[in-house]
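Below you'll find the structure, written out as structure tokens, and then a few comments.
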Amino acid sequence: MALRMWASSTANALRLSSATRPHFSPLSRCFSSVLDGLKYANSHEWVKHEGGVATVGITDHAQDHLGEVVFVDLPETGGSVTKASSFGAVESVKATSDINSPISGEIVEVNSKLTDTPGLINTSPYEDGWMIKVKPSNPSELDSLMGSKEYTKFCEEEDAAH
């Protein structure tokens, strides 16, 4: 009985504390980091092209909107990806979202660390949280992606609209 009363009072306290907590507008999301030297898709994936390989992941902005990532579904090495088509999914405590490829090509490496530690996407989206490495079949597709300034503006406008 005492445990039930404690649980009930704790639940009430949590409701009260969440009701009195200040509300932050979506514009606070503009504090997400955007790195120079990367290319960005309007579906919130980033690409780092070095030599003949392009590393792909989701942006800090995307992971911030998703919340805590709990599962990642990625393709096998050796498969192919097509620009603007889904190659996997990210499941968070809030939602499941498809991951779209910003470029076309052959998958040459998959970040296997994400299987056991999907939270790397939250803690290090541009470093340890990368998803796939691709050998681009059409490197000119990179030209259609946004630079850091364009992507920052895109995110600000998108957040203001919501």
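Predicted model only: the values in this text are computed from it and were never measured.
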### Joint cluster assignment, I132 & Y126, ILVMFWY side-chain distance < 4.5 Å
no
(request) Look at the side-chain heavy atoms of Ile, Leu, Val, Met, Phe, Trp and Tyr, link any pair under 4.5 Å apart, and say whether V34 and I121 land in one connected group. (result) no
K83 atom NZ: more than 12 heavy-atom contacts under 6.0 Å:
yes
Side chains of F87 and T82 in contact at under 4.5 Å (non-hydrogen atoms): no
- Do other residues, nucleotides or ligands put more than 12 heavy atoms under 6.0 Å from the CD atom of E127? no
Sub-4.5 Å side-chain heavy-atom contact between E76 and V110:
no
Q.
Between S33 and D60, is there a side-chain donor-acceptor contact under 3.5 Å, judged purely by atom types and distance?
A. yes
Does one side chain, of S104 or E141, offer a donor that lies under 3.5 Å from an acceptor on the other? yes
Residue pair E158 / H65, side-chain donor-acceptor N/O under 3.5 Å: no
Report task. Give a yes or no answer on whether the side chain of E68 reaches the backbone of V93 with a donor-acceptor pair at less than 3.5 Å. Result -> no
May I ask you to decide if the ring planes of Y151 and Y40 are parallel, tilted or perpendicular, using 30° and 60° as cut-offs? parallel
Path from W46 to I103 over hydrophobic side-chain contacts below 4.5 Å: no
